[in-house]
Amino acid sequence: MFTNLYQLNLKWIIRDRVLQALVGVALLLLVLVPAFSVLSMRQVQELSITLSLSFISFVLALLAILLGASSVWRDIEKRYTSAVLTLPYSRGSYLLGKFFAIAVCLVCSAAIFTLVAAVAISFSSGLYQSSLPIRWLHIFTAVAFDVLKYVLLVAIAILFSSISTSFFLPIFGTISLLLAGNASQEVFEYLTKDSVGVKTAKPLLYAAKGIYYLIPNLGAFNFKVSAIYPVALSSQGVIYTLLYFLVYTTIILYLAVYFFSRREFP
Amino acid sequence: MKALEITGLSKIYKTKKAGVVNALSDLNLVISSGEVFGFLGPNGAGKSTTIKAIMGLIKPSKGDALIAGVPASDPHSRLNIGYLPENPSFYDFLTGREYLYFIGTSFHMADNLLKSRTNEVLDKMELSLAADRPIRGYSKGMVQRLGLAQALLHDPEIYILDEPMSGLDPLGRALVKNLIKELKAHGKTIFFSTHITADVEAVCDRVGIIVNGELRAVDKVESILEKGITGYNIHVRTGGDISLFSGFDFTERDSGILEFYTSRALFKQFMEIVVHANCEVDLVEPVRKNIESFFLELVEKR
């Protein structure tokens, strides 16, 4: 039953013209990576990796926000819900079908982008020999955790969609959390530094800590530095981030299903 | 057997200004298997609210509904239902055939059966030529017919149709009426909402009339029509002596036929005169209030 909804949503994503355009733009940007990289003169390889990872990350973010925030809202707006939610499906299957279809779309898109990026990086590194080796495992790990970050973002977008009647909260709420989540670690570390902590008022410090633990720590998913420069990949960091992703995403999806199951469609 | 059982169903909506709207008040209704039940009411009476509560789209404030004994809140209760929403809208990136495939698999239909049933219902709803076109290119009437096709696809025992004739041309309306009669002949249960009294009169066994969220009446259509008889038009062929009929209004027609109108109370007396006068009766036609008059009386009643 669940796979039926999952396949339906996958069909919607594949036939979506906006998605097709975004994938096209991403591929074009990746193909242009060697041309942009030679502008750096000596750090062609490093810049090609940086640009490739950044382009992939940017397009995955757009896909996650657009697909995640619009999927439920669009069904309500176009009254598809009155047809699909009256079939013998639970509300949970409906939401999870959407979530997994978008997640699979992100994984597949990232796989295609990584393949093209690998060609672009190899080609760029041949243009100007770098003293650093290309760490393919680190590059793939960086992309994989970027995908996980955006899959988590899709869960957040779906949570907002499950409680909101308009597209404002799903779209702008998700964008806000993406920005806040990327910066939360640095802000938290800054505020809890002893020198700063003394100056910061206690209530504000507690509020900042509360927010830090509440919003997703998306900075933890950033493994780009070890992909670009010869920095060792921390296996502990990888495992903790993976566990964090699993726990946080499960909680968010549970809340989304909880709220959506109580929602009315008059 | 009870196909549908609604007990004390109420729905209260809270408005933004802290007010409340009683969309549905203490609705009790039992629909038996094989019955065609018309749910009649003016716009905003609570027909769609009732159907949405049965289909699990809204949660009742009070009361519950059972579909073939299974609570409506359980998604499994919908396994044996063919539902047509009001002004339906279906995933428009799919073709009609793809949408029916999605519906069929949702009801666990085997692949072979699904393919043959898809062709059958597309043919029945006159959509075969448009079956492989995206739904986004369908007209309103075609979407309505696709809605009926998806309700029919898995051959359920119970049909819940919300305004099934809405948006259809006269040909489409005739198609739906014939379809309902055909389903009834196959022993299916049909619960449909409408605000058109002629539709009820044409196809229903029973009718429920809902006004302002309250069920005002439930009765057999036949019984309403019988109770509504006010008199009779009688065509009598007399031998020429019409003096016995003094006191009854008549119009003289061609070839010696007199057309009388008699009230229901005087019908027996009139027929005794006919026998006594040794006249020939050509036609006895009841004059009655239709469902519309009955409906209007109930709506106007406070």
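Quick caveat: nothing in here was measured; it's all calculated off a predicted structure. Convention: sequence-line order gives letters A, B, ...; per-chain numbering from 1. Reckoned from all heavy atoms, side chains included, excluding hydrogens, waters and symmetry mates.
Contacts of B/Pro85 with chain A are made by side-chain atoms alone, with heavy-atom separations under 4.5 Å and no backbone atom involved. Within the 4.5 angstrom heavy-atom criterion, only side-chain atoms of B/Glu98, from C-beta onward, approach chain A. Heavy atoms closer than 4.5 Å to chain A are found in both the backbone and the side chain of B/Leu94. A/Arg15 touches chain B through its side chain: at least one heavy atom from C-beta onward sits under 4.5 Å away, while N, CA, C and O do not. Contacts of B/Lys52 with chain A are made by side-chain atoms alone, with heavy-atom separations under 4.5 Å and no backbone atom involved. A/Arg263 touches chain B through its backbone: at least one of N, CA, C or O sits under 4.5 Å from a heavy atom, while the side chain does not. When heavy atoms are compared at a cutoff of 4.5 Å, A/Asp16 does not approach chain B at all. Using a 4.5 Å cut-off between heavy atoms, B/Tyr99 touches chain A through its side chain atoms alone.
In this structure, A/Thr86 OG1 and B/Ile81 CD1 are separated by 9.0 Å, a value rounded to the nearest 0.5 Å. Interatomic distance, A/Ser82 OG to B/Ile51 CD1, rounded to the nearest 0.5 Å: 12.0 Å.
In terms of heavy-atom proximity, A/Pro88 sits nearest to B/Ser106 at CG-O, 3.7 Å.
Of the possible donor and acceptor atoms, one in the side chain of B/Arg78 sits under 3.5 Å from a partner among the backbone N and O of A/Tyr89. With A/Glu264 contributing its side chain and B/Leu57 its backbone, the two residues share no donor-acceptor pair below 3.5 Å.
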(message) One pair to check against side chain to side chain contact (heavy atoms under 4.5 Å, CB included): B/Asn87 and A/Arg79. What are the steps and the verdict?
(response) CA-CA 9 Å; B/Asn87 300 321; A/Arg79 289 181 291 107; 3.9 Å; yes

(request) Starting from the C-alpha separation in whole Å, work towards a yes-or-no answer on side chain to side chain contact (heavy atoms under 4.5 Å, CB included) for A/Leu87 and B/Tyr83. (result) CA-CA 8 Å; A/Leu87 294 172; B/Tyr83 170 61; over 6 Å; no

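Side-chain contact between A/Lys78 and B/Asp92 is present, with at least one heavy-atom pair separated by less than 4.5 Å. Contact annotation: the side chain of B/Tyr91 approaches that of A/Asp75 to within less than 4.5 Å [non-hydrogen atoms, C-beta and beyond]. No side-chain heavy atom of B/Ile58 sits under 4.5 Å from any side-chain heavy atom of A/Phe265.
Within a 6.0 Å radius of CG in B/Asp169, other residues, nucleotides and ligands contribute more than 12 heavy atoms. The number of heavy atoms from other shown groups lying within 6.0 Å of OH (B/Tyr101) does not exceed 12. Under a cut-off of 6.0 angstrom, the local environment of CG in A/Leu243 is crowded, with over 12 non-hydrogen atoms contributed by other residues, nucleotides or ligands.
For the set A/Leu8, A/Leu85, A/Thr81, the count of heavy-atom pairs under 4.5 angstrom toward chain B peaks at A/Leu8.
A donor atom on one side chain and an acceptor atom on the other are not found under 3.5 Å apart for B/Ser89 and A/Tyr80.
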